[in-house]
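These numbers come from the heavy atoms of this one structure, side chains and all, not from hydrogens, waters or symmetry mates.
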Amino acid sequence: MSVGPEAQQVTNKKTDWMSILQLVFSLLVFLSFLGAAVLLAAAGNMLSSVPELAGMNQGSLTLLVCAFAALALLNLPSVVSSIGSLAGGGQHSTSEKKAGVLSWLPLALFGAVLAGMAFLPQSMPRRELLEGVLAALGAVLPAIWLLRVGSGGLWGKHAKRDAGLLSFSIGFTTYFILVLELALILVLGAGLAFAAAASPSLLSNLGELWRLLQSSGADPEALRASLMEFARSPLVLSLIFGMVALALPALEEGFKTMGVWLLSDHKINPAEGYVAGLFSGAGFALVEALLNSAQLAGGSPAEWLTFLLGRFGGTLLHTFNGGLMGWALASSWQDKRRGRTPGVFLLVLLVHALWNGAALANVFLSGQGESGLFGYLPMILLSAVLLVCFLLFTRRVHRSGLGEPENGPTLNVA
């Protein structure tokens with residue numbers, strides 16, 4: 001029996017396993033976060049229905065519900081693009097588009113979110129829900145703006161790949177890094193235990209700190225004072241700064257762009273590597289920002305503004321550092337100059353260490369009664385420098401004149 005050309009073409013069509021893997025992974029991440037949001041919402045309703053527990057942690061629960069719902073929605077583009085590819089749509093490449101005025105719309109909306117947080121009435125019904133929605137938007141909008149501007153003419157050109165990288169970072173990379181960080185904290189805890197055993201006064205302060213942490217009605221000022229006393233030990237202080245300003249940034253910058261590593265055999269050019277790194281870094285930043293927002297339940301408008309502006313800086317740091325590492329990896333794969341990647345890694349590690357060190361120093365300065373603006377000044381200056389570098393480097397990358405990889409396949413990241 002002879003087989004027609006169309007039937008033969010269907011028979012010879014290969015199974016797109018990478019699209020299937022991306023669909024399964026992103027769908028699992030979507031359902032996991034959506035399920036967590038639904039369960040927390042149900043738990044909040046149960047708490048509010050019991051008079052003795054009404055209002056107990058309701059603000060934090062609502063913020064977490066909004067955070068998990070936002071993380072679920074961020075995985076939808078990967079789900080939709082994977083389904084489209086499996087349905088025969090393929091990985092369409094759109095014509096290059098320059099970032100125009102509309103690319104700055106997320107930044108304008110972020111300003112509107114800040115204004116909404118500042119003037120949100122305290123007596124508004126279901127205020128915590130609107131607060132949670134605004135907090136989620138305040139975390140997501142800066143990332144969207146950074147990705148849009150950073151992608152330049154490549155925005156939407158590899159939409160499926162970019163969405164897959166974002167989903168991979170949100171659903172796997174961030175938690176892989178978290179496990180490593182927890183292991184590191186356990187090692188630090190062992191070091192603190194040895195230090196406490198060698199110093200009776202330090203052991204006494206540690207016991208007092210533990211009692212304060214266990215007390216549900218602990219006085220924040222007493223807790224801060226105990227923490228400051230505990231950190232007077234040079235050994236403890238060096239361990240804290242070494243972990244927060246060096247060890248943790250090294251883990252995050254070393255593994256944050258794991259998704260880009262999966263593109264090593266696919267001949268991406270440096271501009272594509274830069275965009276891939278931006279999406280990888282943004283996924284990590286979004287999880288960090290959204291989950292940390294729950295800690296500010298019941299915060300004042302000034303505290304929320306400080307938090308959201310600080311998270312803008314943190315998102316810029318993670319996203320831009322991810323882009324730099326992606327650019328370095330793709331450039332090294334292209335021209336075989338292996339020394340570039342370690343050099344860029346040291347650069348992003350230095351920037352991250354400065355950021356974390358400035359944030360940690362602000363904690364100690366505020367504990368010693370320093371004024372707020374003075375304590376935040378180093379982080380404000382560093383954010384401004386990072387923003388200028390981000391805009392200039394993005395322009396340089398997309399004007400470098402590097403062409404597309406020669407007939408190189410694109411990776412559909414799971």
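The side-chain heavy atoms of F25 and L21, taken from C-beta on, include no pair separated by under 4.5 Å. Side-chain contact between F279 and S169: absent, with no pair of heavy atoms (C-beta onward) separated by less than 4.5 Å. You'll find the side chain of I170 reaches within 4.5 Å of the side chain of F33, heavy atoms only. A heavy-atom distance below 4.5 Å is found between the side chains of C66 and L129. Residues L86 and I83 have side chains not in contact (no heavy-atom distance under 4.5 Å, counting atoms from C-beta outward). F284 places none of its side-chain heavy atoms less than 4.5 Å from the side chain of T173. Between R337 and S331 there is no side-chain heavy-atom pair separated by less than 4.5 Å. The side-chain heavy atoms of V149 and R395, taken from C-beta on, include no pair separated by under 4.5 Å.
Pairing each heavy atom of V260 with each of W333, the nearest pair is O-CH2, 3.2 Å. The two residues L63 and A135 come nearest to each other via the heavy atoms CD2-CB, 4.1 Å. Minimum heavy-atom separation, L141 to F110: CD1-N, 3.7 Å. Here the closest heavy-atom approach between residue N75 and residue L71 is recorded as ND2-O, 2.8 Å. Taking every heavy atom of both residues into account, A276 and L263 meet most closely at CB-CD1, 3.9 Å. Here the closest heavy-atom approach between residue A136 and residue L290 is recorded as CA-CD2, 3.7 Å.
With respect to the salt-bridge test (charged N to carboxylate O, under 4.0 angstrom), the residues R127 and E131 qualify.
The backbone N or O of R338 lies less than 3.5 Å from no partner atom in the side chain of T341, so there is not a single donor-acceptor pair. Side chain of S400 to backbone of V397: a donor-acceptor contact under 3.5 angstrom is found. In this structure, H398 contributes its side chain and G150 its backbone to a donor-acceptor pair below 3.5 Å. A donor-acceptor contact shorter than 3.5 Å links the side chain of S300 to the backbone of E303.
L137 CG to L109 CG: the interatomic distance, rounded to the nearest 0.5 Å, is 8.5 Å. One finds the CG atom of L39 at 9.5 Å from the CG atom of L34 (value rounded to the nearest 0.5 Å). Of the inter-residue distances, the one linking L76 atom CG with L27 atom CG reads 9.0 Å to the nearest 0.5 angstrom. Rounded to the nearest 0.5 angstrom, E252 CD and T174 OG1 are separated by 9.0 Å. Here the CG atom belonging to L308 is positioned 10.0 Å from the OG1 atom belonging to T315, to the nearest 0.5 angstrom. Rounded to the nearest 0.5 angstrom, S60 OG and E128 CD are separated by 11.0 Å.
Counting only residues at least two apart or on different chains, the side-chain hydrogen bond (donor to acceptor under 3.5 Å, both in side chains) pairs with a member in residues 274-291 are Y274-T394, E288-R311, E288-H318.
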Discussion item. Could you walk me through whether W145 and S103 satisfy the side-chain contact (heavy atoms from CB on, under 4.5 Å) test, starting with their C-alpha distance in whole Å, then the side-chain angles of each, then the deciding distance to 0.1 Å, before giving a yes or no?
Written reply: CA-CA 7 Å; W145 176 72; S103 64; 5.5 Å; no

Discussion item. Applying side-chain contact (heavy atoms from CB on, under 4.5 Å) to F390 and T319, what does each step give before you reach the verdict?
Written reply: CA-CA 10 Å; F390 166 74; T319 305; 5.6 Å; no

Practice prompt. With side-chain contact (heavy atoms from CB on, under 4.5 Å) as the test, would you mind laying out the steps for L248 and L184 before giving the verdict?
Written response: CA-CA 8 Å; L248 296 185; L184 183 63; 3.7 Å; yes

Discussion item. Run the side-chain contact (heavy atoms from CB on, under 4.5 Å) test on D162 and L147 for me, step by step, so that the C-alpha distance in whole Å, both residues' side-chain angles and the decisive distance to 0.1 Å come before the verdict.
Written reply: CA-CA 10 Å; D162 295 339; L147 291 174; over 6 Å; no

Item to complete: Run the numbers on R161 and E272 for salt bridge (charged side-chain N to carboxylate O under 4.0 Å, His left out), then give the verdict.
Response: CA-CA 10 Å; R161 180 170 70 191; E272 291 175 325; 3.7 Å; yes

Practice prompt. Using the side-chain hydrogen bond (donor to acceptor under 3.5 Å, both in side chains) rule, take S19 and S85 through it: C-alpha gap first, then chi angles, then the decisive distance, then the call.
Written response: CA-CA 7 Å; S19 290; S85 179; 3.2 Å; yes

Worksheet entry | Step-by-step side-chain hydrogen bond (donor to acceptor under 3.5 Å, both in side chains) determination, E253 to N321 | CA-CA 8 Å; E253 301 302 340; N321 278 0; 3.2 Å; yes

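Shown here are the ring pair (Phe, Tyr, Trp, His ring centres under 6.0 Å) partners of F30, two or more places apart in sequence or in another chain: there are none.
A cation-pi arrangement is found for R340 relative to W327, the charged atom lying closer than 6.0 Å to the ring centre and inside a 45° cone about the ring normal.
In this structure, F307 and W304 have perpendicular ring planes: the angle between them is above 60°, well past the 30° mark.
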